[in-house]
Amino acid sequence: METIFFYLVALVAVLSGLLVISCKNPVNSALGLVNTFFCLAIFYVMLEAPFMAAIQIMVYAGAIMVLILFVIMLLNLGTEVRKRYMHSIAGSATAAALVLAMIVYFVKNGTLSGQVGDVTSEVIANYGHTELIGKALFTEFLLPFEITSILLLVAIIGAVILAKKEA
Amino acid sequence: MYDKLWLIPFFPLLGSVINGLFGKKIKNEKVIGSIATLAIASSFVVSCLCFFTLLDDKVKIHQQVVASWMSIGQLQIDWGFLLDPLSALMIMVVTGVGSLIHLYSIGYMHGEEGFYRFFCYLNLFCFSMLMLVLGNNALVMFVGWEGVGLCSYLLIGYYFEKKSAGDAAKKAFVVNRVGDFGFLLGLFTLFWYLGSEHNVWTVNFVEISQNAHLLPAGGFVVTFVTLCFFLGATGKSAQIPLYTWLPDAMEGPTPVSALIHAATMVTAGVYMIGRMNGLFALAPTTMMVIAIVGAATAIFAASIGLAQNDIKRVLAYSTVSQLGYMFLAMGVGAFTAGVFHLMTHAFFKACLFLGSGSVIHGMHHGYHHAHLHDDPQDMRNMGGLRKKMPITFVTFLVSTIAIAGIPGFSGFFSKDEILWWSFGSNHGSWMLWLVGAIAAGLTAFYMFRLVFMTFFGEQRTDPRAKDHIPESGLTITIPLMVLGVLAVLGGYVGVPAILGGANKIHHYLEPVFGHTIEVNHIAAHGSHSTEIALMATSIAIAVFGIFLAWLMYVKKPELPGKFVGAFTGLHRTIFNKWYVDEIYDALFVNPTKRLGTFFWKGFDVKVVDGIVNGVGALVNLASKGLRYTQSGLVQNYAMTMVLGVIVIAAFYFFG
Amino acid sequence: MISVYHYLVLSAILFSMGTFGVLTRKNAIVIFMCIELMLNSVNLSFIALSRHLGNMDGQVFVFFVMTVAAAEAAVGLALFITLFRNNETIEVDQVNLLKW
């Protein structure tokens, strides 16, 4: 049952991804991307990471995609009318296929190793996912966390200056 | 006193630096001249002190190390000075004659452009010469050796705006370089042989002479080494085959000719052989070569001197000829006689050159006054100058008598001793004596020809200029007088025993040459009657030469013309210096030039430049093609990046 | 049962699709969206592996990726606006001043 659900959601995610890369109208692409984000949020839930799923929807599907759509509307971009070049598509497809083949090869043949932690389903059930993330963020990763605030500040200033009409 | 030895070369160096750096600012000729003259005179004072200290000293060889120069393995080379009777005599000559010439130059160079430059070079030259003479090892000597080469280049090319002067300077430098090659080759061979065969790593003269016995006498190595050194000596001392630069060097100002090309620099070769006498005595073949080359040079140069009309050119060939005598002396083992002749020659030849300079100065003054552009050095324009320039005339005459070898004057004693040794020495032969005696006769002839043409007879100067030729000023005449006196008296330190003298110089130089002469059994044999007979013969030849000159140039001035008419071919050959320059041009200079041109046009332009330009063109071409990869399209770059990632990842995982 | 490999392969598919999009699309905003797709596929891998290993570090990393993506979106879109203002287009093959 769960496996079938996984495959279904995965199918939707891949199809929406195809929509993103094939639609001529950027608005359609954006909608496909939103769809993909939702699928990924479902996967996060399945992976017992409800907090990540929540901010996936809020930050990505909500904030970033709205921003992108806003810009698309603002610039009033129509459909891509210029014809695409077949050889460029073929080349890109080869490159992408190579990347895919390689990753799949690594996944199949590589050994999966890493620092094993003690977060099991029971721990998550007992403490709650948000609390675990919070603990990690505010203890072990406090400094990077604070630094991201500076990054965001810089991004805000940069965006304002760039988008400002020149005097 | 010996620890003050470094002061001797130091003073001229200081003077040179001062005049070189600030001379342009000082401008005042008197100050510049005084600085330079004072510098060399101070050296002379120190030299005198050293000389007299050494005279009274029991130990005759002193070394003083100022600083370490380089230390390589077992080889230790110092900035060291060596004072022994030979170098003491040399520094006396160099600084003494040098001081007089500096003084003379103040008057002679008056009003010349680049006055300070001249004195800077002159002092630098004295410094180099003193380094050459005082160096206690061959490398310090080589520094001086090259230094005098450089300074002679600078001084010969003093009038560098004249093409002939520039050419003469280059010629002197290049010809000297050939000799330097020989010097270095000899030094390296000696160093290598002593070091690798006997583990004596040294270039120090004292150590070399102490270890000279390690070289097999008459063997190939010592012969090769000494022949190489002799090649160096022929370059510096203007012997066959490398003498051609010296006559051309007369392009420089006259004091330069007097200092470099008469009294000091050209004696470097003789000095070097004297310094290495222990080696040379071991190589009889080399000694023979030296004697033959010396004798040949003596007579060859004298024959050229017969037909020259330029007053300085005659003196130049006379210098070459006299140097030939010195080498003849060295070659027959008469080291003392050679050095003795070196000294007396320095006196009278400096006096002759300075006298000729005084004459030229006067002639130039006359022509300048009359706005004429005749050649002030051509003897055919002179004549009868003895009344106009009495002091110059007297000193010149005295020196001429000295060089001609008339008894009682310095040249007689030294030249006669050389001739006696060339006959009686176990290295000598009667043929060498004969050549030397004939050369002496020729010398007497052409020197008196010079005197008669210049100072006697009708004045042939342009009438507009003839009454405006004054006697030179005091700065010029004082050195002349001093040198004139020395030209007479200088010989009395070496009066031979047969004339009742003590031959002091022989005794004085004993510590330097005595050992060599004793070990190698060099001696002159012969009865007193033979010696007297030879002496009388050479005097007779000299007097005959003088008489002939008087006959041809005073008594019957039409004779030379007839003579030339009778022997046109011979005269032309001698007048053109036996066409040696032309032969050298054809044999060496032009082929070298052609080779150089070939390498320039064929090799350098095509191959070397071709490679360089080709590399440049290749890079250009490659980048012309490669720049199209910079399409400016972001997606091309992204594509490249993806491919790069794939390759790197593949390499990382599969490689 | 769904293993971590399922997620990883799905992530790989999404990633290569994103790559293809970046390489073929001309519209800068679409390219930007393709990059977001690639980032998300990586995020999926992170979370899947984090769960598999029982370690929260991967999820914290996803958090940071999201932050960077947000910053990137702000600056990138501002750049597009400026670009559009100057060139009347945001098609990347029209913008090729930096060439030979």
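What you are looking at is a predicted structure, and each value in this text was computed from that prediction instead of being measured. Residue numbering restarts at 1 for every chain, and letters A, B, ... go by the order of the sequence lines. Hydrogens, waters and symmetry mates play no part in the numbers below; they use all other heavy atoms, side chains included.
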| field | pair A:Val99-C:Phe20: side-chain heavy atoms closer than 4.5 Å | value | no

| task | Find the distance between OG (C:Ser50) and CE (A:Met52) and round it off to the nearest 0.5 Å. | result | 9.0 Å

| query | Can A:Ile21 and C:Val30 be said to form a side-chain contact (heavy atoms from CB on, under 4.5 Å), step by step? | reply | CA-CA 8 Å; A:Ile21 60 174; C:Val30 179; over 6 Å; no

| message | If you count heavy-atom pairs within less than 4.5 Å of chain C, which of A:Thr3, A:Leu75, A:Ile55 leads? | response | A:Leu75

| query | Hey, are the side chains of C:Leu14 and A:Leu40 touching, using non-hydrogen atoms and a 4.5 Å cut-off? | reply | yes

| Taking atom types as modelled and ignoring hydrogens, do the side chains of A:Thr120 and C:Arg51 form a donor-acceptor contact shorter than 3.5 angstrom? | no

| query | What part of A:Thr94 gets closer than 4.5 Å to chain C, counting heavy atoms only: side chain, backbone, both or neither? | reply | neither

| query | How about C:Met66 and A:Met58: do any of their side-chain heavy atoms sit closer than 4.5 Å? | reply | no

| field | Residue, of C:Tyr7, C:Phe32, C:Phe84, that accumulates the most heavy atom pairs under 4.5 Å with chain A | value | C:Tyr7

| task | Can you measure from OG (C:Ser3) to CG (A:Leu112) and round to the nearest 0.5 angstrom? | result | 9.5 Å

| request: Would you please classify the geometry between the C:His6 ring and the A:Phe6 ring as parallel, tilted or perpendicular, with 30° and 60° separating the classes? | output: perpendicular

| Among C:Gly18, C:Ala78, C:Ser41, which has the most heavy-atom pairs under 4.5 Å with chain A? | C:Ala78

| note | Taking every heavy atom of C:Ala74 against every heavy atom of A:Ala159, the minimum-distance pair comes out as O-CB, 3.7 Å

| task | Specify which of C:Val4, C:Ile13, C:Val9 makes the most heavy-atom pairs with chain A at under 4.5 Å. | result | C:Ile13

| request: Applying side-chain contact (heavy atoms from CB on, under 4.5 Å), run through C:Leu44 and A:Tyr44 and close with a yes or a no. | output: CA-CA 8 Å; C:Leu44 181 61; A:Tyr44 294 170; 3.9 Å; yes

| request: Might you confirm whether atom CZ of A:Phe106 has over 12 heavy atoms from other residues, nucleotides or ligands at distances under 6.0 Å? | output: yes

| request: Against chain C, label A:Met65 side chain, backbone, both or neither, depending on which of its atoms sit under 4.5 Å from a heavy atom there. | output: side chain

| task | Taking atom types as modelled, find out whether A:Gln56 and C:Asn43 have a side-chain donor-acceptor pair closer than 3.5 angstrom. | result | no

| If you count heavy-atom pairs under 4.5 Å between each of A:Leu152, A:Leu74, A:Ile156 and chain C, which one has the most? | A:Leu152

| query | Among A:Val59, A:Leu67, A:Leu98, A:Val154, which residue forms the greatest number of heavy-atom pairs with chain C at distances under 4.5 Å? | reply | A:Leu67

| field | A:Ile72 CD1 to C:Asn27 CG distance, which is reported to the nearest 0.5 Å | value | 7.5 Å

| said: I need the minimum non-hydrogen distance between C:Val60 and A:Ile133, along with the two atoms involved. | reply: N-CD1, 4.5 Å

| message | Please report the interatomic distance CG(A:Leu47) to CZ(C:Phe46), rounded to the nearest 0.5 Å. | response | 14.0 Å

| task | Measure across C:Met17 and A:Val14 and return the closest heavy-atom pair with its distance rounded to 0.1 Å. | result | CE-O, 3.2 Å

| At a heavy-atom separation under 4.5 Å, does A:Ala30 approach chain C through its side chain, its backbone, both, or neither? | both

| Of A:Ile161, A:Ile157, A:Leu162, which is the lone residue that meets side chain to side chain contact (heavy atoms under 4.5 Å, CB included) with C:Val75? | A:Leu162

| field | C:Asn55 side chain to A:Gln115 backbone, donor-acceptor under 3.5 Å | value | yes

| More than 12 foreign heavy atoms under 6.0 Å from CG of A:Asn109: is that the case here? | yes

| remark: For C:Glu36 and A:Tyr60 the tightest heavy-atom approach is OE1-CE2, 2.9 Å

| message | What's the separation between atom CZ in C:Phe63 and atom OG1 in A:Thr148, rounded to the nearest 0.5 Å? | response | 6.5 Å

| task | Walk me through it: do A:Leu100 and C:Thr19 pass the test side-chain contact (heavy atoms from CB on, under 4.5 Å)? | result | CA-CA 10 Å; A:Leu100 177 62; C:Thr19 313; over 6 Å; no

| request: Sort out for me which of C:Leu8, C:Asn40, C:Leu77, C:Ile47 touches chain A most, counting heavy-atom pairs under 4.5 Å. | output: C:Asn40

| message | Heavy-atom pairs under 4.5 Å with chain A - which of C:Asp57, C:Val22, C:Thr89, C:Ile81 has more of them than the others? | response | C:Asp57

| task | Against chain A, label C:Ile90 side chain, backbone, both or neither, depending on which of its atoms sit under 4.5 Å from a heavy atom there. | result | side chain

| field | Pairs of heavy atoms under 4.5 Å with chain A: top-ranked of C:Gly76, C:Ala12, C:Ser16, C:Gly21 | value | C:Ser16

| request: Answer yes if the ring centres of C:Phe64 and A:Phe145 are under 6.0 angstrom apart, and no otherwise. | output: no

| Can you name the nearest heavy-atom pair linking C:Leu23 to A:Ala95, along with the distance? | CD1-CB, 4.0 Å

| Between atom CD1 of C:Ile31 and atom OG of A:Ser29, what is the distance when rounded to the nearest 0.5 Å? | 11.5 Å

| said: Using heavy-atom distances under 4.5 Å, tell me whether A:Leu18 contacts chain C through its side chain, its backbone, both, or neither. | reply: both

| said: So A:Glu140 and C:Met56, do their side chains get closer than 4.5 Å, heavy atoms only? | reply: no

| said: Please find the pair of heavy atoms, one from A:Ile64 and one from C:Ala73, that lie closest to each other, and give the distance. | reply: CG2-CB, 4.0 Å

| request: Sort A:Leu33 into side chain, backbone, both or neither according to what part of it lies under 4.5 angstrom from a heavy atom of chain C. | output: side chain

| Interchain contact, A:Ile124 with chain C, by part (heavy-atom threshold 4.5 Å) | side chain

